[in-house]
Amino acid sequence: MLTSHAIDTVVRAALEEDAPWGDLTSEVLIPAGALATAQLVARESGVFSGEAVFEAAFRLTDPRILVRRLAADGAPFEAGEVLAEASGPARGILQAERIGLNFVQRMSGIATLTARYVAETEGTPARIVDTRKTTPGLRALERQAVRDGGGRNHRFSLSDAVMAKDNHLAVLGVGGLGLTEALLQVRDRLSHTTHFEVEVDRIDQIEPVLAAGIDTIMLDNFTPDQLREGVAIVAGRAIVEASGGVSLETVRAIAETGVDVISVGALTHSVRSLDLGLDIVILTEG
């Protein structure tokens with residue numbers, strides 16, 4: 001869940017970076033008493049995300065600025081729609097503009113792309129989930145955007161679950177233990193509440209991993225035919241996650257193999273920010 005504390009922490013840092021000693025341009029060009037109303041306008045269609053983050057950019061710049069939210073997180077919109085409105089001291093609105101836009105454009109881009117992936121898998125049991133391939137410092141915001149687009153979240157951090165990937169298994173193998181025995185030793189050290197996931201990249205690894213009683217098995221870079229075979233081998237004994245080679249062109253075929261989860265790094269690591277703009281519609285000198 002995206003908390004107000006997390007939002008304010010990230011937004012304050014961004015505002016400090018953008019105007020460490022104030023907004024020199026607005027201070028020399030805009031009268032101190034000038035008031036303005038600005039509208040957040042969509043230049044293209046999409047799915048909205050970031051209403052609270054957008055509002056925080058203005059509130060933390062000048063608490064006298066009032067933001068009226070006109071679109072809810074997760075709501076689809078068309079080009080030309082007004083998504084929010086900010087009213088108050090003109091200097092503050094101009095100073096907060098870029099930061100507010102940066103966040104809401106990126107979050108809406110993530111929500112929009114996620115919604116496209118979710119739509120491609122409609123009618124299948126597969127869930128679309130994100131990965132840890134997020135922008136450093138912005139994970140909580142980007143994960144919220146995935147949820148706003150109809151997707152789900154994977155583990156939030158390295159502290160949240162055990163996830164043994166290929167490099168972990170390579171190190172484990174140095175001790176001379178078989179895969180099942182090594183994983184059982186790990187399982188014995190875990191609390192019963194800790195989720196245990198293991199990545200495999202070959203069909204022959206599936207049974208030894210399942211024998212260790214893992215909760216989720218990730219089939220990495222499997223073809224659709226291999227995924228279908230893997231799902232049949234697992235036969236409900238663990239959650240099956242597909243990862244690697246996932247795109248809008250391939251996700252439907254992957255979902256139709258019967259996997260439970262499809263993790264998509266592209267949701268956050270290569271997304272395009274949406275084209276949203278902030279237009280001054282009223283300016284008065286106070």
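Only heavy atoms go into these numbers, but all of them, side chains included; no hydrogens, no water, no symmetry mates.
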Is R143 salt-bridged to D148, going by a charged N under 4.0 Å from an acidic O? no
May I ask you to decide whether R272 forms a salt bridge with E44, counting only side-chain N to carboxylate O separations under 4.0 Å? yes
Does T121 use its side chain to pair, donor to acceptor, with the backbone of T124 at less than 3.5 Å? no
May I ask you to say whether E16 pairs ionically with R12, meaning some side-chain N is under 4.0 Å from a carboxylate O? no
When you compare the side chains of E241 and S263, does any donor N or O come within less than 3.5 Å of an acceptor on the partner? yes
Ion pair E207/R237, N-O distance below 4.0 Å: yes
So E256 and R252, salt bridge (charged side-chain N to carboxylate O under 4.0 Å, His left out) or not? Walk me through it. CA-CA 6 Å; E256 289 177 341; R252 181 72 191 184; 3.0 Å; yes
If the threshold is 4.0 Å, N to carboxylate O, is there a salt bridge linking E51 and R69? yes
I want to check something: taking the side chain as every heavy atom from C-beta on, are L274 and F48 in contact at a cut-off of under 4.5 Å? no
So L276 and V41, side chain to side chain contact (heavy atoms under 4.5 Å, CB included) or not? Walk me through it. CA-CA 6 Å; L276 309 176; V41 181; over 6 Å; no
Taking atom types as modelled, find out whether R98 and N102 have a side-chain donor-acceptor pair closer than 3.5 angstrom. yes
Sidechain N-carboxylate O distance under 4.0 Å for D8, R59: yes
Can a salt bridge be assigned to the pair E197 and R155 using a cut-off of 4.0 Å between side-chain N and carboxylate O? no
Any donor and acceptor pair, going by atom type alone, linking the side chain of D62 with main-chain N or O of R64 inside 3.5 Å? yes
Can a donor-acceptor pair be found, under 3.5 Å and without considering hydrogens, that links the side chain of D160 to the backbone of F156? yes
Charged N to carboxylate O below 4.0 Å: is that the case for R91 and D23? no
For R139, which of N153, T134, T268 qualifies under side chain to side chain donor-acceptor pair (under 3.5 Å)? T134
